Amino acid sequence: MADSTPISPGRRLRDAWAHGPIAIPGVFNPLVAKMAERLGFHAVYLSGGALSAGNGVPDIGLLALTEFTQAAQLTAQATTLPLLCDADTGFGEALNVERTVRMFESAGVAGIHLEDQEMPKRCGHLSGKSVVSAEVMVAKIRAAVAAKKDKDFVVLARTDAKGVHGFDDAVTRAKMYLDAGADGIFPEAMESREEFERFAKAVPGATLLANMTEFGKSPNIDVKALGAMGYRLILFPLTAFRAAMKTAEDTLRDLMTNGVQTASIPNMQTRAELYDVLGYTGYEERDRAYFGG
Ligand SMILES: C[C@](O)(C(=O)O)[C@H](CC(=O)O)C(=O)O
Ligand SMILES: [Mg+2]
């Protein structure tokens, strides 16, 4: 008899990168997740930076775990794609991390990344960060691995150590984090193509994530080239967010200046396009069918 167990989100994320490398776009709301699915992406990402900025606060660990998991749940429900979530520093210490993992997992998320920054954390591409000891981070990873119900739920360890203690410490930490049970490593803020390459060689065989955020310390490298270096998950955390915010500002400026939005209309998603992504007609058809029509 065929196994009817549904494939878990974590399993789907692992399967996606096994065929990888995959581009994982940050989706700053559930509608954007639907768009990404339609465009053929294999996974989507909930960025702490975008979630924070979208709610009007900087990315320094101000939003609560429940605010993250609520956004994650709505996003996961909007798409069949596996959702990778930013879990910042885990919302506390090792015991908090247990609960963090349980909450993200029950929100329907495929996996998270946890970072080794000290609070208040900041964007990994800013200077002046500090990191906790490797031992503290190892404890958090052990707690995360112990807490997951689905063995395929993905726990990636991000190290911000490169910008604090240098490249070698990032490599040492990566190895410790893998030994502690992390499924892969996110080396934050590599500063050149050569550093991305060197890191991949220093941690052979590991599942690696490359963060292609804009206006930071890393160069923008394409998915194919990063794949050839050994990276499997290529993150574009704020790409669509930054573009959308720029368009929003331009549109509001146009309206403010001209008292009418006509010039901005060509930049807009149309009503028909919106309803198409939402599957609006399907709702109407089902409603009629429930009434026997
Ligand atoms: C990946 C990241 O953690 C995020 O929240 O999206 C950020 C991205 C950014 O601020 O550019 C980070 O790299 O710290
Ligand atoms: Mg973040």
Side-chain angles (χ1 to χ4, degrees), residues 10 45-49 51-52 58-69 72 84-105 107 109 111-149 151 153-191 195 199 202-203 206-211 213 216-217 233 235 237:
Y45 175 66
L46 181 68
S47 149
L51 187 65
S52 300
D59 183 19
I60 52 173
L62 294 176
L63 295 187
L65 169 62
T66 46
E67 290 168 317
F68 268 70
T69 53
L84 176 68
C85 282
D86 190 346
D88 283 357
T89 60
F91 301 92
E93 301 308 318
L95 295 179
N96 301 87
V97 170
E98 287 183 345
R99 185 155 181 272
T100 295
V101 166
R102 283 194 210 112
M103 289 193 56
F104 272 110
E105 202 179 331
V109 163
I112 56 168
H113 64 74
L114 285 172
E115 71 202 37
D116 57 6
Q117 283 199 60
E118 217 160 58
M119 285 294 278
K121 57 134 294 150
R122 50 181 71 187
C123 161
H125 291 254
L126 297 182
S127 310
K129 297 184 288 187
S130 45
V131 288
V132 295
S133 72
E135 290 69 28
V136 165
M137 181 64 175
V138 160
K140 287 189 185 184
I141 294 164
R142 287 192 188 128
V145 172
K148 60 185 185 178
K149 288 204 182 87
K151 67 175 179 12
F153 182 81
V154 174
V155 176
L156 300 176
R158 160 171 153 179
T159 180
D160 283 69
K162 155 79 190 20
V164 184
H165 299 142
F167 185 89
D168 292 346
D169 189 44
V171 171
T172 307
R173 284 171 179 252
K175 289 179 178 162
M176 288 173 75
Y177 300 167
L178 288 168
D179 286 347
D183 295 301
I185 300 293
F186 170 171
E188 179 63 311
M190 294 290 116
E191 289 185 54
E195 262 185 7
F199 190 89
V203 195
T207 299
L208 295 175
L209 179 150
N211 178 9
T213 193
K217 294 198 184 294
L233 299 94
L235 208 57

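Numbers for residues simply follow the sequence, beginning at 1. Quantities reported herein were computed from a predicted structural model and do not represent experimental measurements.
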Run through E98, E93, R99 and flag the one making a side-chain contact (heavy atoms from CB on, under 4.5 Å) with N96.
E93

Distance from [X] atom [atom1] to [Y] atom [atom2], nearest 0.5 Å?
X: L235; Y: H113; atom1: CG; atom2: NE2; answer: 6.0 Å
X: M137; Y: T159; atom1: CE; atom2: OG1; answer: 7.5 Å
X: N211; Y: S47; atom1: CG; atom2: OG; answer: 9.0 Å
X: E188; Y: D160; atom1: CD; atom2: CG; answer: 5.0 Å
X: F167; Y: E191; atom1: CZ; atom2: CD; answer: 11.5 Å
X: L65; Y: F104; atom1: CG; atom2: CZ; answer: 6.0 Å

Is a side-chain N or O of [X] found less than 3.5 angstrom from the main chain of [Y], in a donor-acceptor match?
X: E105; Y: K149; result: yes
X: H125; Y: K217; result: yes
X: R122; Y: S127; result: yes
X: T100; Y: G90; result: yes

[X] bridged to [Y] by N-O distance under 4.0 Å:
X: K162; Y: E195; value: yes
X: K148; Y: D183; value: yes
X: D179; Y: K175; value: no

To check you understand the geometry: which heavy-atom pair defines the closest contact between [X] and [Y], and what is its length?
X: G10; Y: V154; value: O-CG2, 4.0 Å
X: I141; Y: G181; value: CG2-C, 4.2 Å
X: L114; Y: K140; value: CD1-O, 4.3 Å
X: A206; Y: L178; value: CB-CD1, 3.7 Å
X: S52; Y: L63; value: CA-CD1, 3.8 Å

Using side chain to side chain contact (heavy atoms under 4.5 Å, CB included), reason through M119 and D88 one step at a time and then give a plain yes or no.
CA-CA 10 Å; M119 285 294 278; D88 283 357; over 6 Å; no

